[in-house]
Amino acid sequence: MNIKVDFENVQISEKEIMKLDKSIKEFATDLENRSSKEDDFVGWLHLPTNYDKEEFERIKVAAKKIQENSDVFLVIGIGGSYLGARAVIESLSHTFSNLQSKDKRKTPQILYVGNNLSPNYLTDLLDIISDKEISLNVISKSGTTTEPAIAFRVLKEFVEQKYGEKEAKNRIFVTTDKNKGALKNLANEMNYETFVVPDNVGGRYSVLTAVGLLPIAVAGINIDELMEGARFAEEKYADKSLKYNECYRYAAIRNLLYRTGKTVEILANYEPKMHYIVEWWKQLYGESEGKEGKGIFPTGMDFTTDLHSLGQYVQEGKRNLMETVLEIVEPQSDITIKADEDNVDGLNFLAGKTLDYVNKKAMEGTIEAHVTGEVPNIKISLERLDAKTLGHLIYFFEKSCAISGMILGVNPFNQPGVEEYKKNMFRLLEKPGY
């Protein structure tokens with residue numbers, strides 16, 4: 001589950017980095033003091049240790065039930081209500097798992113809905129599940145977020161018509177507020193099995209709660225190992241010294257680069273399975289830091305694919321870019337390139353080399369080119385792609401994000417700007433009160 005962070009190519013002196021040591025120690029102490037408060041959003045800090053053990057076991061039981069009676073499991077949510085789960089599931093599943101037979105996959109297909117307002121998407125989804133055995137998990141703190149609320153209304157009707165109201169209750173799982181809200185009230189009325197979105201854990205920090213854990217468990221991923229990796233990270237990054245804490249150094253260095261005009265951070269990965277890790281990271285940092293006219297703009301690229309579309313801009317465009325690269329040290333599988341007698345494609349110079357070797361040389365060459373082109377680079381190396389290591393990575397990013405936002409001088413746990421588009425949309429839709 002080891003993760004190593006390489007700051008060699010950021011071109012910032014140790015002296016400059018250590019100027020932030022005192023402030024970061026104060027921020028870390030502040031987080032610690034706030035972590036036990038139910039009315040603050042720092043409950044994620046000790047979640048890997050202090051999670052609800054009884055609910056955790058209920059999640060496993062529910063996941064096994066869903067695996068046994070369902071061909072398809074629908075995850076209804078948007079933003080933090082689905083991105084973390086999808087990131088873990090797609091990283092740790094067969095790349096084409098939804099195309100495999102259930103006998104080979106051994107778990108339901110996981111499909112995501114409620115993350116957009118497209119009628120085409122929902123219509124096509126209904127078509128594809130029409131003859132399938134399904135269960136669904138609606139995830140929303142309030143139950144009134146527009147996109148998942150509409151999807152749930154449609155799919156609740158679909159499930160009730162397919163199975164009848166009594167059996168539908170056994171196939172609908174609700175993850176929502178512990179005590180209040182429209183979805184909680186409905187769950188109580190209908191007697192749905194319910195899991196909790198903790199009051200002191202914001203959506204984008206919630207992947208290690210029931211929000212992420214139920215879908216992840218349904219996908220057949222070992223959630224004990226996921227939490228073990230996060231717990232390891234919780235202990236590893238408890239050291240308040242900036243000199244030794246790589247999590248804090250990442251937060252410090254990206255802010256020091258920001259002060260030099262590097263206002264855009266690219267999170268690049270060379271493994272297609274990790275695409276949604278990047279998408280989850282974008283929300284985590286975007287919602288946490290983009291406030292008060294401040295913030296590093298988080299974007300993501302899948303290399304080598306995007307080197308053939310955006311590589312030119314990264315290499316020679318506006319020099320406001322920094323780059324963080326995710327590397328998987330030990331691949332799950334590999335292919336050795338064979339020699340070809342005719343060598344029509346000119347690739348015999350690669351004969352005997354593995355595809356992972358070629359991919360890593362592409363990464364190394366790209367990093368070298370970008371650094372030469374004045375794009376500072378941080379490399380985060382994951383020992384392997386498994387549940388423990390991903391738990392570690394998730395906690396690393398969550399804690400560094402909190403510290404980074406505090407260095408920036410914003411509240412990393414709110415998102416007031418998200419409400420602006422909703423107000424305009426509701427006014428245009430003539431919702432009462434708008």
Can you find a pair of side-chain heavy atoms, one from [X] and one from [Y], that are under 4.5 Å apart?
X	Y	value
I378	I253	yes
T263	Y258	yes
T49	E235	no
Y395	L47	no
E265	W281	yes
K422	Y434	no
F73	L136	no
T209	V196	no

Whether [Y] and [X] form a salt bridge (side-chain N of Lys/Arg under 4.0 Å from carboxylate O of Asp/Glu) is what I want to check.
X	Y	value
E279	K282	yes
K388	E225	no
R34	D40	yes
D21	K240	no
K361	E364	yes
K379	E8	no

Does [X], at its [atom1] atom, have more than 12 non-hydrogen atoms belonging to other residues, nucleotides or ligands within less than 6.0 Å?
X	atom1	answer
I128	CD1	no
Y421	OH	yes
E54	CD	yes
Y244	OH	no

Go through the steps for E419 and K423 under the test salt bridge (Lys or Arg N to Asp or Glu O under 4.0 Å), then give the verdict.
CA-CA 6 Å; E419 301 305 315; K423 293 175 184 176; over 6 Å; no
Using the ring centroid of each side chain, check whether F173 and Y192 are separated by less than 6.0 Å.
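Ring centroids of F173 and Y192 are no less than 6.0 Å from each other.
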Passes salt bridge (Lys or Arg N to Asp or Glu O under 4.0 Å), D224 versus K60? Steps please.
CA-CA 10 Å; D224 288 288; K60 293 180 187 177; 2.7 Å; yes
Qualifying residue for side chain to side chain contact (heavy atoms under 4.5 Å, CB included) with P215, from I221, V207, T175, N137
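Testing each of I221, V207, T175, N137 against P215, the sole residue satisfying side chain to side chain contact (heavy atoms under 4.5 Å, CB included) is N137.
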Identify the residue among I328, V329, D334 that makes a side chain to side chain contact (heavy atoms under 4.5 Å, CB included) with D356.
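Result for side chain to side chain contact (heavy atoms under 4.5 Å, CB included) with D356: D334.
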After noting the C-alpha distance and the side-chain angles of D52 and R58, does the key distance pass the salt bridge (Lys or Arg N to Asp or Glu O under 4.0 Å) rule?
CA-CA 10 Å; D52 185 332; R58 281 202 302 116; over 6 Å; no
Are K53 and E57 close enough, and set up right, to give a salt bridge (Lys or Arg N to Asp or Glu O under 4.0 Å), and what steps lead you there?
CA-CA 6 Å; K53 309 301 191 295; E57 293 305 315; over 6 Å; no
For the ring-ring contact (aromatic ring centres under 6.0 Å, His included) test, which of W44, Y285, F41 pairs with Y205?
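Per the ring-ring contact (aromatic ring centres under 6.0 Å, His included) rule, the option paired with Y205 is W44, out of W44, Y285, F41.
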Reference residue E289; test salt bridge (charged side-chain N to carboxylate O under 4.0 Å, His left out); the match among R204, R254, K294
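Exactly one candidate clears the test, R254.
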Starting from the C-alpha separation in whole Å, work towards a yes-or-no answer on side-chain contact (heavy atoms from CB on, under 4.5 Å) for I66 and S70.
CA-CA 6 Å; I66 293 163; S70 301; 4.1 Å; yes
Quickly, which of E90, Q332, H94 forms a side chain to side chain donor-acceptor pair (under 3.5 Å) with K273? Name it, please.
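Of E90, Q332, H94, side chain to side chain donor-acceptor pair (under 3.5 Å) with K273 is met by Q332 alone.
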Could you pull out the closest heavy-atom pair between [X] and [Y], with the gap in Å?
X	Y	result
S35	N200	O-ND2, 4.1 Å
V211	I139	O-CD1, 3.6 Å
G405	P412	CA-CB, 4.2 Å

Establish, yes or no, whether the cationic atom of K399 lies under 6.0 Å from the six-membered ring centre of F396 and within 45° of the ring axis.
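Checked: cation-pi criterion not met.
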Using ring pair (Phe, Tyr, Trp, His ring centres under 6.0 Å), reason through H392 and F397 one step at a time and then give a plain yes or no.
CA-CA 9 Å; H392 184 165; F397 276 140; over 10 Å; no
Would L126 and T123 count as a side-chain contact (heavy atoms from CB on, under 4.5 Å) if you check the C-alpha gap in whole Å, the side-chain angles of each, and the deciding distance to 0.1 Å?
CA-CA 5 Å; L126 290 168; T123 301; 5.7 Å; no
